[in-house]
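As a basis for the values below, the full set of heavy atoms in this structure was taken, side chains included, without hydrogen atoms, waters or symmetry mates.
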Amino acid sequence: MFLNVLLMIISIALIIVCLLQSGKTDGIVNALTGQSSNLFSQQKERGADLILSRITIALGIAFFVVAIIIRMG
């Protein structure tokens, strides 16, 4: 019962954090339309984007771990 509630909380948090992240599709759109783009340049995440990215990774790992524990139990 506790793990099911925890899984729901993690799921909601994961959805919210994913929605808060900035879009990264400008490079693909510019490449398809022929506009100048920095598609192949490496841009590092900074500030809030870096924090949100790391939180997303942590929540994703936690989601799968809890889901596997629920399935095994």
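Between L19 atom CG and Q21 atom CD the span is 9.0 Å, to the nearest 0.5 Å.
Grouping Ile, Leu, Val, Met, Phe, Trp and Tyr residues whose side-chain heavy atoms lie under 4.5 Å apart, directly or via other members, places M72 in a hydrophobic cluster with I68. When hydrophobic side chains of Ile, Leu, Val, Met, Phe, Trp and Tyr are connected at separations under 4.5 Å, V5 ends up clustered with I9.
No continuous path of hydrophobic side-chain contacts links L14 to L50 [ILVMFWY only; heavy atoms under 4.5 Å]. Hydrophobic clustering of Ile, Leu, Val, Met, Phe, Trp and Tyr side chains at less than 4.5 Å, counting indirect connections, unites I12 with I55. Note on F64 and V17: same hydrophobic cluster, where clusters join Ile, Leu, Val, Met, Phe, Trp and Tyr whose side-chain heavy atoms are under 4.5 Å apart, directly or indirectly. Transitive grouping of hydrophobic side chains (ILVMFWY, heavy atoms separated by less than 4.5 Å) brings L7 and F2 into a common cluster.
The two residues C18 and T56 have their closest heavy-atom pair at SG-CG2, 4.0 Å. In this structure, L20 and L52 approach most closely via the heavy-atom pair O-CD1, 3.8 Å. For L59 against I10, the heavy-atom pair with the smallest separation is O-CG2, 3.6 Å.
Residues meeting the side-chain contact (heavy atoms from CB on, under 4.5 Å) test with I61, sequence neighbours left out: I57, V65.
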